[in-house]
Amino acid sequence: VRHITVIPEIDMPGHSRAILCAYPELACDSLTYLNSNELCIGKEETFTFCENILKEVIALFPGKYIHVGGDEANRDIWEKCSLCQKRMHDNHLGTLSGLQNYFANRIEQFLHKHGKTLIGWDEILDGDISKRAVVMSWREETDGGKEALRRGHATIMSPTSHCYLDYYQDNPFFEPRGIMGYTPLEQIYKYDPVPAEEYDPALLLGVQANLWTEYIASIEHAEYMIFPRILALAEVGWTYPELKSYPEFKERVLSASDYLKNQKGIRSFNIRTEMGPRPESLIPVKSLAKGKKVTYLSPYQEFVGSKEAILTDGWLGNWNANGNRWQGFGGNMDVVIDLERITDIQAVIASFLFVPTAGEYLPDNVEVSFSDDGKNYRPAYAQEIQSDYTIKYHIYPYGWTGQDKTRYIRFHATKPITWGNILCDEIIVK
């Protein structure tokens, strides 16, 4: 009656810690659910188990599609597993992504044999997946949606930048707990899911909003995160961009929010009291380093919009790591700024985003040193940082203040991590 099809998602081969807890024999060599989140692809028992689970799912859900996830698997696990390595050797698989692709294709063939169509997150594109598979694009930095359409896959657009409703929708310091990010109503409304490149329009199935509930413990909190942002994404999916107007839409949202509250008892976010973007991100900063060259002694992570000039472009980041204001480092931020001439300075300060639930960490150690020739550095500042993990969101500044003269500034921040990033938006020199 409501023209809704419920599509189940049973994530595999990653996100499988609960399976490994109940079925420890499905883990890789010497691993358990305590130190692994991935199924062993080298064992035939893994495929038997997954197929038996999917048979039960198929019997319960009459719709065409079965989602099998495929995202965020730690492929390094398989590199150390003798059975996975044997599987790679026997099937002439040259890469760990190829091993996961082997798994995805076997599962796809099983579902196809049972009259179902596989949906997977865009990691299934890390190899030659069957054209029958539907791609759900979420990784903004890879633009998986565009790649999926180019390769002829039916595609659902669901990028983190516009479609994740578990992200904060206003100033995180005053909002109920979110997992990470900042996705306000206007940002969602202005999303255009249609790529500029040519593609078969029949392949673009639509858009999807995601509300992951790790940190949402009540219906009230879920309603608050969903509404009114889901109204914006619905309009994205149904309205041509040239027909959209955010001011006009916002007026309708105000009326709709009143209706949802008074007639339906839905407790939505109050758009009338929205604070908006981080105020500091709206005004260019004054810095002696603005526009100066940054040399990366350790590589930065490839975030969307990442470029070498981010740390000295004169702009602070917004509430979230999305976009092109924050630079990510996989545990080692080591950069040198060239002021071009010896300059009187009084401060070298950098801000760091701390959202531990999102793998956005503070460094454990920060060091600042100066050089006149770019070769011989003298230490100016060193600090050990103890992170308080009871704090779920904050932006912290660290750095040197005093009186000195220098041309080159080295800023070094470290944290031994296997997953996540140190995130910095700007190095300000006064």
Nearest 0.5 Å, what's the [atom1]-[atom2] distance between [X] and [Y]?
X	Y	atom1	atom2	result
Glu367	Asn365	CD	CG	6.5 Å
Leu243	Trp238	CG	CH2	14.5 Å
Glu123	Met136	CD	CE	12.5 Å
Met12	Ile107	CE	CD1	5.5 Å
Gln327	Thr312	CD	OG1	10.0 Å
Lys250	Ser257	NZ	OG	11.0 Å

Do you see a donor-acceptor pair shorter than 3.5 Å between the side chains of [X] and [Y]?
X	Y	answer
Thr414	Asn332	no
Glu9	Trp121	yes
Glu175	Tyr182	no

For [X] against [Y], the heavy-atom pair lying closest together:
X	Y	value
Thr183	Thr160	OG1-O, 4.2 Å
Pro416	Asp364	CD-OD2, 3.4 Å
Pro13	Gln100	CD-NE2, 4.0 Å
Gly328	Asn421	C-OD1, 3.8 Å
Glu360	Ala321	OE2-CB, 3.6 Å

Task: ring-ring contact (aromatic ring centres under 6.0 Å, His included) between Phe49 and Tyr23, intermediate numbers included - done: CA-CA 10 Å; Phe49 175 85; Tyr23 299 89; 4.8 Å; yes
TODO: Check the pair Ile427 / Ile349 against side-chain contact (heavy atoms from CB on, under 4.5 Å), numbers first and verdict last.
DONE: CA-CA 6 Å; Ile427 299 177; Ile349 306 294; over 6 Å; no
Task: Worked verdict on Tyr168 versus Phe174 for ring-ring contact (aromatic ring centres under 6.0 Å, His included) - done: CA-CA 10 Å; Tyr168 293 102; Phe174 299 97; over 10 Å; no
[X] side chain vs [Y] backbone, donor-acceptor pair below 3.5 Å:
X	Y	answer
Asp313	Lys290	no
Trp419	Gly330	no
Asn105	Asn101	yes
Thr357	Ile179	yes
Asp122	Arg139	yes
Asn318	Pro277	no
Gln187	His162	no
Trp78	Gly42	no
Tyr199	Lys146	no
Lys131	Ala154	no

Once you measure the plane-to-plane angle for [X] and [Y], does it fall in the parallel (<30°), tilted (30-60°) or perpendicular (>60°) bin?
X	Y	value
Phe352	Phe411	tilted
Phe269	Tyr224	perpendicular
Tyr164	Tyr167	tilted

Task: Side-chain heavy-atom pair Trp326, Leu353 within 4.5 angstrom cut-off - done: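 Yes, close enough: below the 4.5 Å cut-off.
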Open item on the list: Just so I know, are the side chains of Trp315 and Pro284 near enough to count as touching, which here means a heavy-atom distance under 4.5 Å?
Closed with: yes
Open item on the list: Checking Met180 against Trp319 for the side-chain contact (heavy atoms from CB on, under 4.5 Å) test, could you report, in this order, the C-alpha distance in whole Å, the side-chain angles of both residues, the deciding distance, and whether it holds?
Closed with: CA-CA 9 Å; Met180 62 185 292; Trp319 299 121; over 6 Å; no
- [ ] Report the C-alpha separation of Asp258 and Lys261 in whole Å, then their side-chain angles, then the decisive distance to 0.1 Å, and conclude whether the salt bridge (charged side-chain N to carboxylate O under 4.0 Å, His left out) test is met.
- [x] CA-CA 5 Å; Asp258 290 339; Lys261 176 182 177 182; over 6 Å; no
Looking at [Y] and [X], is any side-chain nitrogen of the basic one under 4.0 Å from a carboxylate oxygen of the acidic one?
X	Y	result
Arg150	Asp200	no
Asp334	Arg410	yes
Asp425	Arg325	no
Glu280	Arg278	yes
Glu79	Arg75	no
Lys55	Glu51	no
Arg87	Glu44	yes
Arg272	Asp170	no
Lys244	Glu235	no

Task: Chi angles and distances behind the side-chain contact (heavy atoms from CB on, under 4.5 Å) call for Ile188, Cys163 - done: CA-CA 7 Å; Ile188 294 177; Cys163 297; over 6 Å; no
TODO: Tell me, yes or no, whether the heavy-atom count around Gln386 atom CD, taken from other residues, nucleotides or ligands under 6.0 Å, exceeds 12.
DONE: no
Open item on the list: Counting only heavy atoms not in His112 (residues, nucleotides, ligands), do more than 12 fall under 6.0 Å from its NE2?
Closed with: no
Open item on the list: Run the ring-ring contact (aromatic ring centres under 6.0 Å, His included) test on Phe110 and Phe47 for me, step by step, so that the C-alpha distance in whole Å, both residues' side-chain angles and the decisive distance to 0.1 Å come before the verdict.
Closed with: CA-CA 10 Å; Phe110 171 83; Phe47 291 92; over 10 Å; no
- [ ] Assess the pair Tyr393 and Phe173: is the distance between their ring centroids shorter than 6.0 Å?
- [x] yes
If you look only at distance, which donor and acceptor atoms sit under 3.5 Å apart when one is on a side chain in residues 201-217 and the other is two or more places apart or in another chain?
residue	atom	partner	partner atom	Å
Gln208	NE2	Asn210	OD1	2.6
Asn210	ND2	Ser158	OG	2.6

Open item on the list: Show, in sequence, the C-alpha distance, side-chain angles and deciding distance for Arg229 and Asp166, and conclude whether the salt bridge (charged side-chain N to carboxylate O under 4.0 Å, His left out) test is met.
Closed with: CA-CA 11 Å; Arg229 291 187 290 182; Asp166 51 336; over 6 Å; no
Can you give me every donor-acceptor pair (side chain of residues 58-72, partner residue at least two apart or in another chain, under 3.5 Å) with its distance?
residue	atom	partner	partner atom	Å
His67	ND1	Gly69	N	3.0
His67	ND1	Ile119	O	3.3
Asp71	OD2	His15	NE2	3.3
Glu72	OE1	His15	NE2	2.9

TODO: List the steps and the verdict of side-chain contact (heavy atoms from CB on, under 4.5 Å) for Leu125 and His153.
DONE: CA-CA 10 Å; Leu125 293 172; His153 289 276; 4.0 Å; yes
